[in-house]
Amino acid sequence: MEIALGALTTGVAATLVVLGAFSFHRAQELEDYCGETRLTTIGDPCTDLLGFKPVRGARISGALEFALAVPIAVGGGLLLRKGIRLRRDWQKQQRGPSGLSLRPWLMGQPVQPGQPRQPRPQGVGLNLGFRF
């Protein structure tokens, strides 16, 4: 679950970075097209209906997208890290102990994975295992 959420949030952060870069590119194109001495009219891309400058709006939009992408990317990275750790621990547990191991048991011998549960005799013991 953590890996899926981490991948999703990291994808959102990457999308915000791409959109921010596009906003800055668009602002640069508008600035090159409009210049400082150009007269503006209604319907011109150098001004909008309310009289604001689209260049400034595109730069603000790009900066906000970059600013929001940073914490989202950090959160996605933390989720990915936690998910990968959990998966590695689970895999390590499924493989069982490696090397030479002594496993004490009490109240009957433990049931090995894949064996049916049966009534066990009472007692104590020690299992010696070697895995390579």
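Two residues are said to be in side-chain contact when any heavy atoms from C-beta on lie closer than 4.5 Å; Leu16 and Phe66 fail this criterion. Two residues are said to be in side-chain contact when any heavy atoms from C-beta on lie closer than 4.5 Å; Arg85 and Lys82 fail this criterion.
Atom CD1 in Ile3 sits 13.5 Å away from atom CG in Leu8 (nearest 0.5 Å). Atoms CD and CZ, on Glu31 and Phe24 in that order, are 12.0 Å from each other to the nearest 0.5 Å. With rounding to the nearest 0.5 Å, the separation of CD in Gln28 from CZ in Arg59 is 6.0 Å. Taking CG from Leu5 and OG1 from Thr10, the interatomic distance works out to 10.5 Å, rounded to the nearest 0.5 Å.
Under the 3.5 Å distance criterion, the side-chain polar atoms of Ser23 are matched with a main-chain donor or acceptor of Leu19.
The two residues Thr9 and Gly75 come nearest to each other via the heavy atoms OG1-C, 4.4 Å. Contact between Gly6 and Leu79 at its shortest, heavy atoms only, is CA-CB, 3.7 Å. Residues Pro54 and Leu30 approach most closely at CB-CD1, 3.8 Å, considering heavy atoms. Looking at every heavy atom in both residues, Leu86 comes nearest to Glu2 through CD1-OE1, 3.7 Å.
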